[in-house]
> 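Quick one: the structure is below, and I'll ask about it shortly.
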Amino acid sequence: MALISTLLALRKDARLLKIPPYLSALCIIVGVVWLLVLPLQEYSRNTYVSENALLPGQVHTYFTGSEHNIFRAYRHEVASLGDRTTQERNQRLGDILRSSNLKVATQKYSYATSGRNISDENVYAILQGPRADATEAIVLIAAWRNMDNEINHSGVALVLTLARYFKRWSLWSKDIIILISGDSTSGPQAWVDAYHNSHNPETIESLSIKSGALQGAIAIDYPAGPWGHRYDKLHIVYDGVNGQLANLDLFNTAVSVASGQMGIGCTLQRMWKHDDSYKERLQTMLRGMISQGVGHASGPHSSFIPYHVDAITLQTVGDGWHDEMSLGRTVESLFRSLNNLLEHLHQSFFFYLLLHANRFVSIGTYLPSAMLIAVNFSITSIALWVASGRAGKIPNPASTVPPATPGEKSTSSITTKTPMTVAKKDGMIALIPTALLQTNERALFLPLAFVLATHFLGLLPLYIFNNTHSSYLDLTFTIVALLSTLLPHLTAFSLKRFSRPTEQETILIQCFSLLLLGMFLAALATLNFSLSVLIGIATSPLTFIRSTKNKPVSGALSLLLAVLNPMVIIRGATFYFGQDIMSVLVKAAEGWHVWGLWTQVVVWLVWWPAWFAGSVVVSGGLFA
Amino acid sequence: MVSSLVLFLLNTFIAYVAASSDYYERLLIRPLPQSSVLTSFNFRSNESADAFEHQNFRYFPRSLGQILQHAGTKELHLRFALGRWDAESWGQRPWNGAREGGTGVELWAWVEAQSEEEAFARWLTLTNALSGLFCASLNFIDATKTIRPVMTFQPEGYHANSSNLHLLHGTLPHEVVCTENLTPFLKLLPCKGKAGISSLLNGHKLFDASWQTMSIDVRPMCGPGGGDCTLEMEQTVDMVLDIDRSKRPRDNPIPRPLPIEEIECDTSKGYNGGDTCYPLDKSEEPAWNLTEIFGQPLKGACPLTEQSGEGSMTVCINTPPERILQVNTTGQYEEAKLASDTVRCYKLPTGADFDLVLPQQRMTTGLVLTGPQLFAARSINGHGQERGSVQAVIKNPSSHSVEFVYLESLPWFMKPYLHTLRARVDNSLENPVKETYYRPAVDRKRGTHLELRMIIPPASTLTLTYDFDKAILRYTEYPPDANRGFDVAPAVIRLINPGSSDNKGIYLRTTSLLLPLPTPDFSMPYNVIILTSTVMALGFGNIFNLLVRRFVGIDEVQAGGAGGLQGVLRGKIDSLKALFGRG
């Protein structure tokens with residue numbers, strides 16, 4: 001009992017209420033520092049292949065000799081198709097695949113987004129594994145145009161040559177599907193949607209031939225023209241849509257085959273130079289996090305990952321001495337490894353941050369940082385809830401320090417100013433400030449309605465940006481950015497006309513807004529860690545802002561929040577990374593309609609409402 | 001058309017011959033497009049019903065005969081299959097699909113019994129005994145994998161008293177057929193793979209085939225009027241060999257890239273040069289011989305076959321007449337040409353190796369293949385751990401409507417919803433489903449059994465879809481390779497052809513499906529989590545109990561509740577009284 005009463009007494013202690021802001025700040029600092037120590041040797045691990053069946057690099061590869069001559073011929077063929085229509089191109093590609101005795105089919109697709117029409121045609125072929133019974137398949141992809149919109153000459157030619165070469169082997173225990181997609185993002189998406197029958201048959205053609213459950217997919221991006229180009233390194237792209245990642249075993253197998261067996265260096269996240277120093281590891285990790293946070297399709301493989309099909313893209317980069325045959329042998333060895341699989345890839349990690357081609361951090365190590373950042377909002381929210389239930393500031397009756405302001409000094413004497421209640425118990429008498437004994441009713445309606453309305457208001461920009469014609473997107477962005485900068489002030493101003501919100505309601509608005517933000521970010525951290533961290537850091541100042549009647553302070557805070565406007569941050573980020581805001585918005589709309597991208601939902605329904613509520617709270621001080 | 005006629009003629013004269021002799025074997029070779037070759041081995045042994053009853057076995061294997069007698073089995077069909085038949089390139093199936101099974105092992109039998117329970121008990125006896133005989137996991141065909149088809153299978157043999165016959169059917173789609181199943185299969189033959197066409201059967205080549213199926217069919221055959229009965233056992237092995245792959249020697253099976261000199265290049269291409277070569281299709285029929293593609297020679301005739309007449313012609317090859325054929329043997333052989341020279345049959349020499357040699361040849365007449373009457377493909381749609389849907393696409397390329405029975409035997413953990421069953425024909429609004437037989441699954445007791453009789457109009461495509469839920473298994477029910485998924489047996493389609501007098505029927509089967517089920521993480525952390533969770537739950541439960549329960553003696557409990565609704569109401573009334581009393 002003694003313990004409980006001590007705790008209960010502590011609940012009223014004014015010192016306890018001072019702790020939360022410091023605790024929140026500590027959470028944020030520890031969260032960020034946690035992230036920064038991850039690249040250190042002690043906190044990351046070397047990658048390893050967890051699935052024993054993969055046996056990467058344990059086979060001899062035979063893709064050499066006369067195959068090279070055939071590859072060159074196919075590359076000339078592919079080069080001659082560059083200026084043909086889609087129809088003619090796919091006819092010819094289909095003929096080449098058919099001449100290798102494969103079953104060939106095509107798939108037309110068209111998507112309408114931002115007033116544009118993305119339409120093209122996929123051509124694919126199925127190599128029926130002699131040891132297979134059509135229950136499992138692996139996919140080899142070469143998009144006709146790569147992510148930079150260059151024609152993937154050597155990639156397509158290599159895939160054609162490999163298809164012809166693979167056909168001769170009798171050891172395939174899974175079907176091999178050769179997919180030459182029209183482009184790098186919508187084409188594979190249309191194909192994989194149709195493969196799982198989750199497509200819209202009016203705009204996307206159903207697949208006429210299918211095989212079994214997909215076990216893995218490898219995409220090749222090698223845009224060298226008809227005369228070839230020797231490359232230096234393989235760039236392995238592993239991010240899927242919405243920040244989902246391929247199984248780490250697949251990535252490790254690719255690295256192990258390429259660097260261990262073929263002697264080709266591997267790189268990731270566009271880190272062309274990587275000497276495994278702390279700085280470069282950190283940079284790799286941050287680039288990976290940004291890419292994961294944005295959640296865009298980073299290559300032809302990305303669309304497969306949401307379907308639980310592990311996929312990566314192998315991209316050739318730089319000038320070096322490795323030729324197309326070594327890439328072909330890498331793919332051959334990778335396919336032999338995948339062919340060994342008895343079960344779907346499940347052994348290794350699906351949640352990881354890569355620092356280097358053979359160094360990673362697993363979810364157990366990095367997750368606390370996002371959770372700490374998310375928790376800081378919850379702590380402040382609880383503190384604000386407690387504060388909202390207290391009736392203003394109560395002077396300490398036992399204080400010997402005179403009131404600070406000289407004006408109050410003249411009226412002096414606490415007993416005359418503070419109403420007191422006399423409490424008698426067990427023959428003892430105590431004087432207690434009456435305010436301490438009164439319960440303070442919380443007016444919940446306005447804060448709840450306001451926070452809910454704010455979150456629903458986010459649907460408006462979400463709809464506008466996903467459904468505006470691309471030629472108006474730039475203008476729309478400017479207008480919405482301006483509006484969203486002015487809107488908090490307008491809202492605060494008009495609310496003040498009705499003398500609302502009261503001081504308590506202001507606290508409650510902030511409390512609910514932060515509570516929702518904390519919960520959303522904690523949940524998001526388990527799905528897309530990077531997005532949660534990025535938004536958590538961008539919204540962290542919202543913890544510390546308070547409504548104040550001090551106008552200069554309110555003005556300064558308003559200015560700070562104006563800078564933290566999600567739209568300003570997005571504009572700044574695109575500027576910093578040298579991107580065009582128009583193309584980002586077009587891609588985002590494409591993501592929404594084609595890839596099933598959820599990042600916008602998080603931005604408009606989690607981040608923006610939190611910022612808006614915070615801005616209104618601060619702006620209220622300006623019009624007090 | 002010609003070759004279909006040929007096949008038809010061949011089948012009829014085989015049937016005629018079979019009835020007259022006690023042992024009969026024949027190998028039929030048919031080249032297929034894309035340098036493949038279909039080889040059909042057919043062996044038949046007859047035993048008179050009387051001799052069989054008295055356990056007097058001559059050609060019929062004693063081991064199998066005693067099992068059949070013990071399990072009261074009157075007719076038996078056992079299939080081992082691997083790979084898939086490529087109907088688009090290879091045309092109609094051998095034996096019209098009547099001698100093939102779905103991927104893995106398939107078994108169906110007519111068992112004589114007084115009741116269903118007795119029939120099932122005998123069925124279990126049969127599967128366990130066959131499991132030992134054929135080194136296959138047939139003993140895993142339990143109640144959950146057994147169904148009793150209604151429309152799909154008809155007895156092939158003659159059964160005088162069919163009222164107490166029970167048809168049971170079971171499949172093992174995950175069973176991998178391999179050499180350990182071939183060896184007991186060959187042992188059942190009178191010549192046991194030592195002589196005759198069975199000497200060609202080599203596990204290395206058989207199981208490297210693109211498609212292969214082994215079957216055993218036992219059926220009673222009777223003369224007109226039900227007298228003069230015999231028990232006939234038919235064994236067949238059908239396989240499609242890829243000539244290029246089969247010709248590779250066993251000590252060097254790796255398909256290394258050919259030297260560039262051996263590749264035919266398209267010199268008309270502008271870029272053609274010393275290092276650039278656009279490969280041309282081989283337009284010529286490849287060269288091959290029996291010894292090469294089977295990896296071992298044909299060791300002369302089995303002495304038990306007939307010495308003269310049609311029954312002695314044990315090797316037949318069905319090619320256009322212009323295809324050059326050379327016979328390579330030291331012994332005496334005979335050649336006979338049938339069906340306007342498109343079938344050439346040979347009587348094998350005794351005691352000497354026999355080989356057929358086909359040189360490389362440019363052909364002027366192409367291969368004539370009859371297209372199949374139906375094409376069928378089945379796949380699982382959707383993704384995720386919770387539900388999915390099955391889609392079967394059945395195409396009728398012919399110009400007349402086809403009636404067929406579609407049989408699905410699903411495991412209990414795949415729970416279909418029959419109300420979601422949709423059958424659509426692309427060019428007709430009429431419902432193609434004419435009759436449905438459905439027996440729902442019972443968890444852990446039996447699987448789903450669905451039979452549909454449907455009609456598909458000419459030149460149209462029928463799409464059949466239904467949704468299903470995926471059950472969550474108990475964690476001991478998962479196999480060691482839980483993350484592979486679970487195999488779902490192929491659907492069986494039987495064409496109903498009223499004009500046909502052949503009681504074997506026309507069948508085709510889809511491929512099997514891989515069903516991924518929700519799988520727990522079977523790793524060490526998983527075990528740690530369930531263990532600690534259990535400990536925590538126990539601890540929490542105890543402490544929670546102590547905290548919220550008040551323990552009182554039974555005599556301390558107030559009679560007539562102070563609590564409950566009555567108590568609450570009384571409290572309210574009291575407070576109201578106090579309020580008014582004060583006012």
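To find a chain, count down the sequence lines: A is the first, B the second, and so on, and within it residues start at 1. Model, not experiment: these values are computed from the prediction.
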> Can you tell which of Asn483(B), Thr276(B), Asn381(B) has the highest number of heavy-atom pairs within less than 4.5 Å of chain A?
Asn483(B)
> Please confirm whether the ring centroid of Phe350(A) lies under 6.0 Å from the ring centroid of His308(A).
yes
> With a 4.5 angstrom heavy-atom cut-off, could you sort out which part of Ser512(B) is near chain A: side chain, backbone, both or neither?
both
> Can you tell which of Asp266(B), Ile254(B), Leu280(B), Asn272(B) has the highest number of heavy-atom pairs within less than 4.5 Å of chain A?
Ile254(B)
> Counting heavy-atom pairs under 4.5 Å with chain A, which one of Asp208(B), Thr511(B), Thr103(B) comes out on top?
Asp208(B)
> For chain B, which of Ser100(A), Ser170(A), Ser99(A) has the most heavy-atom pairs under 4.5 Å?
Ser170(A)
> What part of Arg164(A) gets closer than 4.5 Å to chain B, counting heavy atoms only: side chain, backbone, both or neither?
side chain
> Quick one: which of Thr519(B), Asp275(B), Leu514(B), Val393(B) has the most heavy-atom pairs under 4.5 Å with chain A, could you say?
Asp275(B)
> At a 4.5 Å cut-off on heavy atoms, which part of Pro226(A) comes close to chain B: side chain, backbone, both, or neither?
neither
> For chain B, find its close neighbours in residues 335-343 of chain A: heavy-atom separation under 4.5 Å, sorted by number, or none.
Leu342(A), Glu343(A)
> How would you list all residue pairs meeting ring pair (Phe, Tyr, Trp, His ring centres under 6.0 Å) that involve residues 259-284 of chain B, not counting sequence neighbours?
Tyr74(A)-Tyr278(B), His76(A)-Tyr271(B)
> Looking at Pro490(B), Gly273(B), Gly274(B), Gly382(B), which makes the most heavy-atom pairs under 4.5 Å with chain A?
Gly382(B)
> Relative to chain B, which of Pro306(A), Ala134(A), Gly65(A), Gly212(A) shows the most heavy atom pairs under 4.5 Å?
Ala134(A)
